[in-house]
Amino acid sequence: MVTSTTHKTLCGLRGGLILAKGQYADKLDNSALPLSQSGTLEHVVAAKAIAFREAMTPGFKDYIKRVILNAQSMTKTFNQSRKIRVVSNSIENHEIILDIQKNNLTSEQGADLLYSIGIATNKGLLPNEKENVMEGLRIGTPTITSHNFNEKDAERIAQIIVAILEKQDTETLRLAKKEVQSIT
């Protein structure tokens with residue numbers, strides 16, 4: 001089974017999808033309908049169909065390649081830090097999970113610092129975390145790629161993120177916010 005959002009990686013409307021082999025169809029259908037999902041809305045189905053159609057185009061394939069290249073560029077920069085650890089060490093998709101605990105920050109504190117300068121991130125699970133602690137910091141590259149950021153831009157964003165998480169001082173925040181505003 002594969003699960004995904006339709007709004008991040010597919011650049012469609014907000015939603016999700018589950019892809020699975022036919023042998024799992026009944027179990028999936030019975031677990032989702034009618035317990036956790038009500039009837040379908042035709043305009044939502046149509047919008048997802050359009051996103052899937054666009055995902056089959058050569059342009060979308062080029063876009064996804066750029067999404068991954070941007071993630072790999074950011075990962076390379078994060079891997080140079082002694083206080084930030086990329087959980088997977090390398091990257092093959094759009095999502096990077098960072099362990100920032102050596103900076104004496106929770107993922108929520110790290111996300112708040114970055115948000116204060118205009119960079120949006122989310123919390124994510126680190127390996128072996130118990131319950132729902134979520135001390136990883138999740139960074140994705142579809143949005144910056146949609147805004148035509150290239151690998152060099154992704155590298156610069158990663159450098160800004162490293163500076164903010166490692167230094168955490170007012171002057172670094174001020175300069176980083178100014179730079180993020182000029183980039184965007």
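Worth saying up front: this structure is predicted, and the values here are computed from it rather than measured. The figures that follow rest on heavy atoms only: side chains count, while hydrogens, waters and symmetry mates do not.
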Query - salt bridge (Lys or Arg N to Asp or Glu O under 4.0 Å) contacts touching residues 69-92 (sequence neighbours left out) - result: Arg85-Asp99
Report summary line: The side chain to side chain contact (heavy atoms under 4.5 Å, CB included) partners of Glu95 (sequence neighbours excluded) come to Asn93, Ile97, Arg138
**Report entry** Residues Glu135 and Thr106: side-chain donor-acceptor under 3.5 angstrom
**Finding:** no
Query raised in the report: Looking only at heavy atoms, what is the nearest atom pair of Thr75 and Ser90, with distance?
Result: CG2-CA, 4.2 Å
Requested in this report: Of all the heavy-atom pairs spanning Ile117 and Ala176, show the shortest one and how long it is.
Outcome: CD1-CB, 3.8 Å
Report summary line: Contacts of Glu179 meeting salt bridge (Lys or Arg N to Asp or Glu O under 4.0 Å) (sequence neighbours excluded), chain-then-number -> Arg156
Report summary line: Given the options Asn103, Leu175, Leu113, Ile164 meets side-chain contact (heavy atoms from CB on, under 4.5 Å) only with Leu113
Report task. Determine which pairs satisfy salt bridge (Lys or Arg N to Asp or Glu O under 4.0 Å) with at least one residue from residues 44-53, sequence neighbours left out, and list them in order. Result -> none
Review item, side-chain donor-acceptor pairs of residues 58-69, under 3.5 Å, at least two apart:
residue	atom	partner	partner atom	Å
Asp62	OD2	Arg66	NE	3.4
Tyr63	OH	Pro142	O	3.2
Tyr63	OH	Ser146	OG	3.3

Query - Inter- and intrachain pairs under salt bridge (Lys or Arg N to Asp or Glu O under 4.0 Å), touching residues 140-151, at least two apart - result: none
Query - Salt-bridge present (Arg174, Glu171; N to O < 4.0 Å) - result: yes
Requested in this report: For His43, check side chain to side chain contact (heavy atoms under 4.5 Å, CB included) against everything at least two apart and list the hits.
Outcome: Leu41
Query raised in the report: Yes or no on side-chain contact (heavy atoms from CB on, under 4.5 Å) for Ile161 and Met74, after CA distance, side-chain angles and deciding distance?
Result: CA-CA 10 Å; Ile161 291 170; Met74 292 182 95; 4.1 Å; yes
Report summary line: Sorted by chain and residue number, the side-chain hydrogen bond (donor to acceptor under 3.5 Å, both in side chains) partners of Asp169 (sequence neighbours excluded) come out as Thr172
**Report entry** side-chain hydrogen bond (donor to acceptor under 3.5 Å, both in side chains) partners of Thr6, counting only residues at least two apart
**Finding:** none
Query raised in the report: side chain to side chain contact (heavy atoms under 4.5 Å, CB included) with Ser88: which residues, sequence neighbours excluded?
Result: Val86, Ile91
Report task. Could you pull out all residues at least two apart from Thr121 that satisfy side chain to side chain contact (heavy atoms under 4.5 Å, CB included)? Result -> Ala111, Leu114, Ile119, Leu137, Ile139
Query raised in the report: What pairs of residues pass the side-chain hydrogen bond (donor to acceptor under 3.5 Å, both in side chains) test when at least one of them lies in residues 9-20, not counting sequence neighbours?
Result: Ser4-Thr9, His7-Arg14
